[in-house]
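One structure below.
All ligand and atom numbering here is 1-based and tracks the order in the structure.
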Amino acid sequence: MNPAPAFVNWADGALQAPGLQRSEKKLGQLTGIFRDHQAWQKLDPETIVYRVWWWEPVASGTAGGLFWGLTEIQPGRVGNEYFMTRGHWHVIRNRAEFYGTVAGSGKLVLMDRTGHTWAEDMAPGSLHYIAGEVAHRIVNTGDKPIRVIACWPSDAGHDYEVAEGRGFGARILEERGAPILVNAQD
Ligand code: PAN
Ligand code: ZN
């Protein structure tokens with residue numbers, strides 16, 4: 001049975017779909033994600049960092065199905081590190097994903113299995129193919145919300161070990177007003 005169509009406002013990415021799912025992440029929930037723990041503790045834990053809305057036209061875990069989502073990350077920083085998503089691997093490691101930037105600007109931080117980490121520029125219209133076996137995280141380097149649409153396999157699953165464990169191999173930090181990629185051990 002094919003699901004009825006959903007609706008996207010292509011100007012801002014807003015999604016309308018039956019049974020739309022949503023989640024929000026506040027600073028207080030993002031323990032151990034940001035480099036500067038002291039700066040993180042001084043900020044209001046109720047501050048919303050990002051929200052995700054997504055449509056599951058098939059049940060989670062269905063092989064061969066797809067999900068569609070919108071992520072909005074607020075502008076802001078913890079110390080000199082920009083607000084960002086936790087970042088994850090897919091549980092089924094070979095599952096790929098598309099990200100498309102609708103509004104705002106940022107960096108897509110990517111890491112392969114060896115820990116090699118790099119970043120792609122995100123700006124309205126940029127379309128990013130995230131290959132399987134590549135961990136991914138969105139960083140908002142602008143002064144307004146960044147809005148990113150995504151499409152991923154419904155059996156991909158999310159493994160946050162990369163966010164909570166050893167972490168990405170590099171971070172995006174603000175230096176003299178501009179974002180730079182800094183190796184995690186620096
Ligand atoms: C996205 C992400 C979303 C939030 O839908 O799940 O941007 O990021 P975190 O899941 O890292 O908190 C996606 O990549 N789905 O696979
Ligand atoms: Zn993903």
M122 vs I138 side-chain heavy atoms within contact, under 4.5 Å: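 Yes, their side chains come closer than 4.5 Å.
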Heavy-atom check, side chain of V52 versus side chain of R22, under 4.5 Å: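 Heavy-atom side-chain distance check fails, nothing below 4.5 Å.
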Nearest neighbour in protein (non-hydrogen) for [atom]:
atom                    : value
atom 14 (O) of ligand 1 : Y99 OH, 2.6 Å
atom 8 (O) of ligand 1  : T85 CB, 3.5 Å
atom 10 (O) of ligand 1 : Y160 OH, 2.5 Å
atom 13 (C) of ligand 1 : E97 OE2, 2.9 Å
atom 11 (O) of ligand 1 : G87 N, 2.8 Å
atom 12 (O) of ligand 1 : Y50 OH, 2.5 Å
atom 7 (O) of ligand 1  : T71 OG1, 2.7 Å

L66 CG to W55 CH2 distance, which is reported to the nearest 0.5 Å: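 So the gap between those two atoms works out to 10.0 Å.
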Stepwise ring pair (Phe, Tyr, Trp, His ring centres under 6.0 Å) check, F98 with H128: CA-CA 6 Å; F98 273 120; H128 307 265; 10.0 Å; no
With a 4.0 Å cut-off, would you call [X] and [Y] a salt bridge?
X    : Y    : value
D44  : K26  : no
E133 : R113 : yes
K107 : E120 : no

Exceeds 12 heavy-atom contacts within 6.0 angstrom, atom CG of D143: no
side-chain contact (heavy atoms from CB on, under 4.5 Å), paired with W40, selected from K42, Q38, H37: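 Answer after filtering K42, Q38, H37: H37.
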Side chain, backbone, both or neither: W54 near ligand 1, heavy atoms under 4.0 Å: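 It is neither; nothing of W54 touches ligand 1.
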Part of F67 with heavy atoms under 4.0 Å of ligand 1, whether side chain, backbone, both or neither: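 Neither; nothing of F67 gets under 4.0 Å from ligand 1.
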Identity of the nearest option to atom 2 (C) of ligand 1, non-hydrogen atoms only, from H88, H158, R137, E72: H88
Output the atom name for the N/O/S atom of [X] with the smallest distance to the Zn ion (ligand 2).
X    : value
E97  : OE1
H88  : NE2
H136 : NE2

Which of the ligand 1 atoms, numbered from 1, are nearer than 4.0 Å to a heavy atom of H90: 16 (O)
Interfacing atoms of ligand 1 (cut-off 4.0 Å, heavy-atom, H136):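 Every atom of ligand 1 under 4.0 Å from some heavy atom of H136: 14 (O).
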Evaluation steps, side chain to side chain contact (heavy atoms under 4.5 Å, CB included), between I146 and Y50: CA-CA 9 Å; I146 184 171; Y50 63 98; over 6 Å; no
Ring geometry between F67 and W152 (parallel below 30°, tilted from 30 to 60°, perpendicular above 60°): perpendicular
Close approach, G69 and ligand 1, non-hydrogen under 4.0 angstrom: no
Metal proximity, H158 vs the Zn ion (ligand 2), N/O/S cut-off 2.8 Å: no
N/O separation below 3.5 Å, V52 to ligand 1: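 In fact, backbone or side chain, V52 has no N or O that close.
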